[in-house]
Amino acid sequence: MNQNRLEAIREREAARDAALTRLAESVPYIGFLGAQFERMGDELTARLPFDQRLIGNPLLPAIHGGVTGSFLEITAITQLAWDQAWALIEANEAGAEAIARGEFPAMPKTIDISVDYLRSGRARDLFARAIVAKRGRRVANVRVEAWQDERDRPIATAHAHFLLAETTATGAP
Amino acid sequence: MSQDGDSDGAAGANPPPTEARSRAGALLEGLPFAREIGIELIAAKDGEAELRIPYDARLVGDPASGVLHGGVVTSLLDTCGGAAVMTSPTRPLSVATLDLRIDYMRPATPRAPLFARARCFRETSLITFVTAVAYHDDPDSPVATAIGAFLVEGRKRAPREPAPEKDASS
């Protein structure tokens, strides 16, 4: 495989990572909490680096329940928004260019969310991943899990429904 | 719910904080994140708390609308529920959220403060069940409704049982 082809592949990955970063940076609250996203293909893992500002109970110290709930909701919404962006990138050149310009479809809106708090969130980084159980035309059903040191011992889970922005048949906004 | 609940209704010029208000206030003081996002205690009485969060552009979820992120509403309702739990005359030592469900009724308004009210509707020895609303101007037309269960430790007094139904034969 020639050098140009390899570079094109690397650029493709970099462009997708850049689009994801741009999507996350467009939401002030994501930056306020300090949440970051890593991408493997179209699967995202969110990371919330620990910070003193995020504490609920300082005696433990434990992460505030609202921070955990926020992080779960952010993970779900970002996964859904990314899935829509990904569809546009893959659909055609015009879609990919629109995303490169930062023209994302409107953010999904929460209809309802139910959070189960399993263990206190300790003073370390928090990770989360969302599973989209069903993406309908207008409504998505998503489950999210958040964990710290052990993937098998999540500190919290959530189950939520979101209203998706209307898009045309090709996925364009 | 503008007056603290201890008095018979005759409000003094500057009534001292009631125990409910002190306990709710103490909870809030001990939550760095609640202070970080600007949550303020408005009122508290036995089993009820009211909080307010001012609009802050750093907390926006959707840049197109300028509306606060749903996570902020979650944080406000979770904190309000916890505060309501701590106002209980059963005097719990600590509270931890078990679950919280939030349903969105209408979009929040950008650049406007958001209020929350929470009320304990059932206490057992270990659990307090709470309902809450988040609203701008009218709690009967809320932005979101919520229901939650909180794990409580160290109640100093047992919760009161709900009054038994009157027997038709008595």
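Only this structure's heavy atoms are used, side chains among them; waters, hydrogens and symmetry mates stay out. In this text the structure is predicted, and so the values were computed from the model without any measurement. Every chain is numbered from 1 and lettered A, B, ... according to where its sequence line falls, protein lines coming before strand lines.
For the options A:Val27, A:Ile113, A:Leu33, A:Ile77, heavy-atom pairs under 4.5 Å to chain B are most numerous at A:Ile113. Between chain A and the options B:Thr79, B:Leu77, B:Thr97, B:Thr74, the largest number of non-hydrogen pairs under 4.5 Å is found for B:Thr97. Taking chain B as the reference chain and counting heavy-atom pairs below 4.5 Å, the highest number among A:Ser70, A:Gly66, A:Ser26, A:Pro28 is found for A:Pro28.
In this structure the side chain of A:Thr157 never reaches within 4.5 angstrom of the side chain of A:His159, judged on heavy atoms. Between A:Phe71 and A:Val144, every side-chain heavy-atom pair lies at or beyond the 4.5 Å cut-off.
Note on B:Arg117 versus B:Glu50: salt bridge recorded, some NZ/NE/NH1/NH2 to OD/OE distance being below 4.0 Å. Using a 4.0 Å cut-off between charged nitrogen and carboxylate oxygen, A:Arg12 and A:Glu90 count as a salt-bridge pair.
Contacts between B:Asp78 and chain A at a heavy-atom distance below 4.5 Å involve the side chain alone, from C-beta outward. Looking at A:Ile111, only its backbone comes within 4.5 Å of chain B, counting heavy atoms on both sides. If you measure heavy-atom distances from A:Leu72 to chain B, you find no contacts under 4.5 Å at all. With a 4.5 angstrom heavy-atom cutoff, B:Ala57 touches chain A only via backbone atoms. Both the backbone and the side chain of B:Val72 come within contact range of chain A, each with at least one heavy atom under 4.5 Å from a heavy atom of that chain.
Remark: A:Arg22 fails to qualify as a cation-pi partner of A:Phe104 under the 6.0 Å distance and 45° angle criteria applied to the six-membered ring.
Between B:Tyr135 and B:Phe115, the ring-plane angle classifies as parallel under the 30° and 60° cut-offs.
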